[in-house]
Asker: 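Can you read through this structure? Questions will come right after.
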2 protein chains.
Amino acid sequence: MADDLTPLAVSALALLVERPMHPYEMAQTLRVRGQDLDVKLRVPSLYHAVERLLRDGHVEEVGVGREGKRPERTTYRLTAAGRAAMETQVVAWLRQPRAEYPVLPVAVGEAHFLSRAQVESVLAERRGAVLAERDTVTRMRDAALDKGVPRRMLLGKEYSLHRLDAELAWIDAILTDLDSGALDWDQPFLTSTPPFTEQDPS
Amino acid sequence: MADDLTPLAVSALALLVERPMHPYEMAQTLRVRGQDLDVKLRVPSLYHAVERLLRDGHVEEVGVGREGKRPERTTYRLTAAGRAAMETQVVAWLRQPRAEYPVLPVAVGEAHFLSRAQVESVLAERRGAVLAERDTVTRMRDAALDKGVPRRMLLGKEYSLHRLDAELAWIDAILTDLDSGALDWDQPFLTSTPPFTEQDPS
DNA sequence: CTCGTTATAGTCCACATGGAGTATTCGACG
DNA sequence: CGTCGAATACTCCATGTGGACTATAACGAG
């Protein structure tokens, strides 16, 4: 039983539900549909992903075509196993949250190496960038709705908006606390004995 | 100029600010402090990360010790270049959001392959799991505050809480719209001509 | 009609990741 | 006092990732 599919593999399989394609065409389609905002799309990774799908019987070759005098291309078709594997993976991703590791908490966790002033300035800059992104996403979603794209295709955008709002709220909380001095930035910070665990309860 | 540091590399450098350590000790310290919830910590990756830091002059060997009769261990010390590189990286992460790719939007984006009932049931299950996680994080933060851990060390937890709340709101929105029928789950979905772009504006 | 540009359709290879394994030592239990 | 499990401190290698490169064709500007 071949293991977990990567997000890019799932996107590829989903495209093949519609019709057979060659990898380059998948990449184009994903880009045209804006799905490359949700899935990290790098061409070589896509080719590798398709290779693995082939190896695992999730897709099969449907022919090597020479259309016009373009470079050779291998087209793939979805198998029943591939379809099933994709659905299983989607369900698994929906069913339970998996640990993901955004860098922002790490950065803030080490931000005490910076001066309070620097942190304030840099976070203020970030705040602006996040606001701008929020604006862009809103506009994309609204434009799509106007064009008649069904709501359920835009749920990812709604999620992004929620996340951006959460980030804004959090940045604002930090900036407020930095200003009010509630964040004790200049206190000596513990080195040897972390107070995170009284690890000697014996 | 060596490139971007990985999150794990930054955590390693941050530990070395306190005192020289060997990799295994870094791993233990990160775990004791609960930082392995923010940074993905796998022992082999840590060794590789330290190797790269050594190669790039961010750390130097400070001796191969045999304490007691334990296996040999190589201890590393931070260099000035390493300290600077870490601060630069932290500032870069704070200054601007970088594209990250959570799987949930991808999964929801392909969820139309599932039946409405299945999506509802699976998302309801997820909702419970997210609630439980939110509870756990809250308790961890409160416990740490009680022990006198400074606020600024717990900003990551606050961020997690904001994000979990955002996810809950989003799940609830989907479940509501699925129930009310606002999400037109059973409509025929476009295959050949995506309405995402009228890609013929000529 | 030639020359730089963009689009097509990929491949190469250097690098990063992480499950599983190794080898030694310490501590506890019978 | 032997052995069995856990901790210590790594290493191996299969797999995944992605910047840079290749090679051909169509396209437009001079």
Side-chain angles (χ1 to χ4, degrees), chain A residues 1-12 15 20-32 36 39-56 58 61-76 89 98-101 103 199 202, chain B residues 1-12 15 20-32 36 39-56 58 61-76 89 98-101 103 199 202:
Chain A
M1 187 121 301
D3 226 4
D4 267 26
L5 300 171
T6 64
L8 191 51
V10 165
S11 295
L15 288 174
M21 289 192 195
H22 52 101
Y24 189 87
E25 191 183 356
M26 294 176 199
Q28 280 182 124
T29 308
L30 288 174
R31 272 194 270 259
V32 166
D36 56 339
V39 197
K40 184 163 196 178
L41 170 61
R42 279 329 112 136
V43 167
S45 303
L46 177 57
Y47 280 92
H48 288 312
V50 170
E51 230 162 75
R52 271 170 263 145
L53 291 174
L54 181 63
R55 181 198 61 195
D56 297 341
H58 296 318
E61 280 185 31
V62 78
V64 177
R66 81 196 88 249
E67 179 153 340
K69 261 151 281 165
R70 294 285 169 58
E72 263 195 4
R73 341 164 284 189
T74 313
T75 301
Y76 299 89
Q89 184 61 71
R98 35 150 48 206
E100 284 170 340
Y101 299 88
V103 294
Q199 85 273 55
S202 63
Chain B
M1 188 121 301
D3 225 5
D4 266 26
L5 300 171
T6 64
L8 192 51
V10 165
S11 295
L15 287 174
M21 288 192 196
H22 53 102
Y24 188 86
E25 191 183 356
M26 294 175 198
Q28 279 183 123
T29 307
L30 288 174
R31 271 194 269 258
V32 167
D36 57 339
V39 196
K40 184 163 194 178
L41 170 61
R42 273 338 107 136
V43 167
S45 304
L46 177 58
Y47 280 92
H48 288 312
V50 171
E51 228 162 75
R52 271 170 262 147
L53 290 174
L54 181 64
R55 180 198 63 197
D56 297 340
H58 296 316
E61 279 186 32
V62 78
V64 177
R66 80 195 89 249
E67 179 153 341
K69 260 150 284 164
R70 294 286 168 57
E72 265 194 3
R73 343 164 284 191
T74 312
T75 301
Y76 299 89
Q89 184 61 72
R98 36 150 46 205
E100 284 172 339
Y101 299 88
V103 292
Q199 82 274 54
S202 64

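These numbers come from a predicted model, not from an experiment. Residue numbers begin at 1 in each chain, while the letters A, B, ... track the order of the sequences.
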Asker: What is the minimum heavy-atom distance between B/Leu46 and B/Met26, and which atoms define it?
Answerer: CD2-CB, 4.1 Å

Asker: Short question: side chain of B/Glu61, backbone of B/Tyr76 - any donor-acceptor pair under 3.5 Å?
Answerer: no

Asker: Let me spell it out: for each of A/Thr6 and B/Tyr47, pick the nucleotide of DNA chain D with the closest heavy atom. Which residue's pick is nearer the 5' end?
Answerer: B/Tyr47

Asker: How would you list, by chain and number, every residue that makes a side chain to side chain contact (heavy atoms under 4.5 Å, CB included) with A/His48, sequence neighbours excluded?
Answerer: A/Glu51, A/Arg52

Asker: Tabulated below should be each protein N or O lying under 3.5 Å from an N or O of nucleotides 18-22 of chain D; please produce it.
Answerer:
residue : atom : partner : partner atom : Å
D/dG18  : OP1  : A/Lys40 : NZ           : 2.8
D/dG18  : O6   : A/His48 : NE2          : 2.9

Asker: How many whole angstroms separate atom OH of B/Tyr101 from atom C1' of D/dG16?
Answerer: 17 Å

Asker: Rounded to whole Å, please give me the gap between CD in A/Glu100 and P in C/dT17.
Answerer: 16 Å

Asker: Do B/Asp4 and B/Arg98 have side chains that approach each other closer than 4.5 Å (heavy atoms only, starting at C-beta)?
Answerer: yes

Asker: Tell me, with the steps shown, if A/Thr74 and A/Val50 meet side-chain contact (heavy atoms from CB on, under 4.5 Å).
Answerer: CA-CA 11 Å; A/Thr74 313; A/Val50 170; over 6 Å; no

Asker: Look at A/Tyr24 and C/dT8 and indicate whether a side-chain polar atom (N or O) is within less than 4.0 Å of OP1 or OP2.
Answerer: yes

Asker: Across the strands shown, which category fits B/Glu25 at heavy-atom distances under 4.0 angstrom: base, sugar-phosphate, nothing?
Answerer: nothing

Asker: How close or far is atom P of D/dA9 from atom CE of B/Met26, stated in whole angstroms?
Answerer: 13 Å

Asker: Any side-chain heavy-atom pair from B/Thr29 and B/Met21 closer than 4.5 angstrom?
Answerer: yes

Asker: So which one's nearest nucleotide on DNA chain C is more toward 5', A/Glu51 or A/Gln28?
Answerer: A/Gln28

Asker: Does a side-chain N or O of A/Arg52 approach OP1 or OP2 of D/dG16 to a distance below 4.0 Å, or not?
Answerer: yes

Asker: So for the helix from C/dC1-D/dG30 to C/dG30-D/dC1, with five pairs setting each end axis, what is the inter-axis angle to 10°?
Answerer: 10°

Asker: Starting from C1' on D/dC10, measure out to CE on B/Met21 and report it in whole angstrom.
Answerer: 18 Å

Asker: Locate the shortest heavy-atom distance separating A/Leu30 from A/Leu41; write the atom from each residue and the value.
Answerer: CB-CD2, 4.1 Å

Asker: Figure out the NE2/P separation between A/His22 and C/dA7, and round it to whole Å.
Answerer: 16 Å

Asker: Mind calculating the distance between CZ (A/Arg73) and P (D/dT24) to the nearest angstrom?
Answerer: 17 Å

Asker: Taking atom P of D/dT15 as reference, at what distance in whole Å does atom CG of A/Leu5 sit?
Answerer: 15 Å

Asker: Heavy atoms, side chains only, cut-off 4.5 Å: are B/Thr75 and B/Glu25 in contact?
Answerer: no

Asker: Can you measure B/Leu46 atom CG to C/dG18 atom P for me and round it to whole angstrom units?
Answerer: 12 Å

Asker: Minimum heavy-atom separation for B/Ser11 to B/Val39, with atom names?
Answerer: OG-CG2, 3.2 Å

